[in-house]
Structure formats: C-alpha cells, structure tokens
Amino acid sequence: MARYYLNRGIILEQVIVSLIHDYLEAIDADNLYQNFHIEATNRHPFASLYLHNTKTVADSFPSITVTTATDDKTPALEELKAWVTPVAFTDEDIDDWASNTYDSDFKDSNGHIVKAGKKIPGLCAVTSKDVIKELKKVTKKQGEVYGNKIEIRRTDRISVEIWADNEQVKNEVYEVLRLFIAGDLRQILSERYNFFDPLIDDGSVHGQRSNNYNMDFDIALSGAMITFDVNYLIAQVVLDTDKAKISQDIEAEAHNYVKHN
C-alpha cells in the first residue's frame, strides 16, 4: 500500500498579521501618526532588540505583535473525534490541495488587485512535486485516486501585544485594534478564508489596555494586550494509490478552495 498525504493547514497568527496590515493601510495609520510607523509582525520587538543591539528603540516602536498563545480542540467538540470521509481525487483536486496560491485575480478590501499566483498568507499546503507526480500517474490510469479526508476542528487563542514609548499612541493603537478585532475582522476572515470555516468567539475577546511597562531598553515602554479565540477547520487527505475503487459513498471534491470572485 502506498499512502500519500495532502495537507491543508492554517497558521492563524500569520493570517491575522496580514489582515491587520491591510486594516492599518485602510485607515491610513501612517498619516494618522505621522511621527510613527506602525507595523504588525509575528516577531516580538524585544527579541529583535536583544539579538540586534544596533537597532534603536525608535525604529521598533510602536509595535503590534501577533502570536498564538494556545492551540486546542474546540471546547464544544471535546467528545467528538475527527470527521473521516471517503474521497475520490482527480488531477484538478490534487492541484487544488497542493496549491498555496490564489488561482485568480481579485480585489482586496482596500481595492488593490491581488494577482493570481500570489501566496495566500497563513495557508499551509505542503506537497512535493514528486508526490504530485506519483498521484497523477494513478489518475492518468484510472481517472481518480481514492482515500479519506480527515477534518479536524481546532481553536487558537490569539494574543495581540501593543508596545509604544508614547502612552497616548499606545492607547489609540489599542482602540483601533479593539474595534477591528471585535468588529470587521470576523467578516473578513469568513470571506477570505472561508475554506477553513473560521469563527471568532465574540465572548472570548479580552483586553488589557494599561498597567504593562518595560524598562529594559533605557526607555519607558507601555504595553497593552488583546486576546481572542478563533475556531477553525483543518484537513488532511490520505490517498492510497493501490485502491482501484471505493465501496463507500464518495464526497465530491471538485470545488476549488482558494477561488475568489
């Protein structure tokens, strides 16, 4: 038996960084705070300052850092196992699941054209060319390759840290992020990453605006934090190239998960 894996995972913290970047551009944050450039990243500025002591504090703050605090099974589904479904994959399905790029041009929320072939932020679809080649040998012979799709529901607790050497700027950045996270982020996630069925748990959004300080870099830095839970679906397809048919009902996989209108 020859088993091959097609994975469709998501790195949510990278997704959130990308969407915050688009949001900051949409509200023209650089012109709102003309003396400051605000950037969202997955790398904490403190780590950069410790590792690269030539970097100045002024170049590092204000900062927005997005990390994954925890990754757990969705609480409401603790008693349920992963959902396994028989599948039959054609050439098109294999290409779709092996791709981590947009398949067509579309306009983002800022009205910018995103070109086909651009990597989808946060999408983790890793399949080697050799695996694709072997799978397509089978589809060329029998039209389809058979196996199972395993769907897994997970919940990430996302942490968004804000640090600045100006208390008022820190408070304002916190507020514009709180509005986005509790507001339009849910809709954008649903529209742009619908193939992961993401849902922000509104009751999980918690914030700490004040009373965080750091004095390690010869300047008083004030911090704030917002945390929230995102429920989502990931999937792994396990294909068996020795199977010539499947006896169970097969779920069609002809739709493209990364298609945009």
Exercise for review: Go through the steps for V237 and Y5 under the test side-chain contact (heavy atoms from CB on, under 4.5 Å), then give the verdict.
Suggested key: CA-CA 6 Å; V237 171; Y5 298 90; over 6 Å; no
Practice item. For R43 and T65, run side-chain hydrogen bond (donor to acceptor under 3.5 Å, both in side chains): C-alpha distance rounded to whole Å, both residues' side-chain angles, the deciding distance at 0.1 Å, then the answer. Key: CA-CA 6 Å; R43 181 165 187 169; T65 306; over 6 Å; no
Review point. Under the side-chain contact (heavy atoms from CB on, under 4.5 Å) criterion, do V160 and T227 qualify, and how do the steps go?
Key: CA-CA 6 Å; V160 181; T227 60; over 6 Å; no
Review point. Which is it for Y232 and D197 under the side-chain hydrogen bond (donor to acceptor under 3.5 Å, both in side chains) test, yes or no, and what are the steps along the way?
Key: CA-CA 5 Å; Y232 60 95; D197 192 24; over 6 Å; no
Exercise for review: Report the C-alpha separation of T90 and T139 in whole Å, then their side-chain angles, then the decisive distance to 0.1 Å, and conclude whether the side-chain contact (heavy atoms from CB on, under 4.5 Å) test is met.
Suggested key: CA-CA 6 Å; T90 63; T139 58; 5.8 Å; no
Practice item. List the steps, then state whether side-chain hydrogen bond (donor to acceptor under 3.5 Å, both in side chains) holds for N231 with T155. Key: CA-CA 4 Å; N231 305 327; T155 297; 2.6 Å; yes
Exercise for review: Could you give me the CA-CA distance, side-chain angles and deciding distance for H21 and E39, then say whether side-chain contact (heavy atoms from CB on, under 4.5 Å) is met?
Suggested key: CA-CA 7 Å; H21 171 81; E39 185 175 2; 5.8 Å; no
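The closest donor-acceptor contact from the side chain of N42 to the backbone of V66 lies under 3.5 Å. In this structure, the side chain of Y23 engages the main chain of V176 through a donor-acceptor pair within 3.5 Å. Using modelled atom types, no side-chain atom of D156 and backbone atom of I158 make a donor-acceptor pair closer than 3.5 Å. Judged purely by atom type and a 3.5 angstrom limit, Q142 uses its side chain to pair as donor or acceptor with the backbone of K243. A donor-acceptor pair is defined here as one N or O able to donate and one able to accept, closer than 3.5 Å; such a pair exists between the side chain of D201 and the backbone of G203. Checked by atom type and distance alone, the side chain of K170 never pairs as donor or acceptor with a backbone atom of L221 at under 3.5 Å. Side-chain atoms of D95 do not come within 3.5 Å of backbone N or O of E92 as any donor-acceptor pair.
Inspection of the R154 and T74 side chains reveals no N or O donor paired with an N or O acceptor under 3.5 Å. Using modelled atom types, one finds no donor on one side chain facing an acceptor on the other under 3.5 Å when comparing S99 with D96.
Placement of F228 and I11 in two distinct hydrophobic clusters is found when ILVMFWY residues are connected by side-chain heavy-atom separations under 4.5 Å, directly or transitively. No chain of hydrophobic side-chain contacts below 4.5 Å, direct or via other Ile, Leu, Val, Met, Phe, Trp or Tyr residues, connects V126 to I10. Neither L199 nor F180 shares a network with the other; the hydrophobic side chains, linked directly or stepwise wherever heavy atoms of I, L, V, M, F, W or Y lie under 4.5 Å apart, form separate groups for each. By the rule that hydrophobic residues join a cluster once side-chain heavy atoms approach within less than 4.5 Å of another member, I162 and I27 end up as members of one cluster. One hydrophobic cluster, built from ILVMFWY side chains closer than 4.5 Å, cannot hold both M225 and V169; they sit in different ones.
To the nearest 0.5 Å, the span separating OG1 on T70 from CG on D229 amounts to 6.5 Å. The CG atom of N166 sits 7.5 Å away from atom OG of S222, with the distance rounded to the nearest 0.5 Å. Put simply, CG on L177 and CD1 on I16 are 11.0 Å apart, with the number rounded to the nearest 0.5 Å. Atom CG of L135 and atom CH2 of W97 lie 13.0 Å apart (nearest 0.5 Å). Here the straight-line distance linking atom CD of E134 with atom OG1 of T241 works out to 7.5 Å at 0.5 Å rounding. For the atom pair CD (E172) and CD1 (I38), the distance works out to 9.0 Å, reported to the nearest 0.5 Å.
The existence of a salt bridge linking D242 and R3 is excluded, since no basic side-chain nitrogen approaches an acidic carboxylate oxygen closer than 4.0 Å. With salt bridges taken as basic N to acidic carboxylate O contacts below 4.0 Å, none links K140 and D91.
N31 meets the side-chain hydrogen bond (donor to acceptor under 3.5 Å, both in side chains) test with D28; sequence neighbours excluded. Residues forming a side-chain hydrogen bond (donor to acceptor under 3.5 Å, both in side chains) with Q208 (at least two apart in sequence, or on another chain): none. Checked against side-chain hydrogen bond (donor to acceptor under 3.5 Å, both in side chains), E161 has the following partners two or more places apart in sequence or in another chain: H44, W163.
The side-chain hydrogen bond (donor to acceptor under 3.5 Å, both in side chains) analysis of residues 176-190, with sequence neighbours excluded, yields the pairs E175-R178, Q187-E191. Identified under the side-chain hydrogen bond (donor to acceptor under 3.5 Å, both in side chains) test for residues 117-130, with sequence neighbours left out: none. Under the side-chain hydrogen bond (donor to acceptor under 3.5 Å, both in side chains) criterion, the residue pairs touching residues 9-20 are E13-T68, with sequence neighbours excluded.
The shortest non-hydrogen separation linking V17 to A40 is CG1-O, 3.6 Å. Considering every non-hydrogen atom in both I94 and F89, the closest pair reads N-CD2, 4.0 Å. Residues V15 and P121 approach most closely at CG2-O, 3.5 Å, considering heavy atoms. Here the shortest heavy-atom pairing between N212 and A224 reads ND2-CA, 4.3 Å. Contact between P45 and F61 at its shortest, heavy atoms only, is CG-CE2, 3.7 Å. Between R8 and F196, the shortest heavy-atom contact is O-CE2, 3.7 Å.
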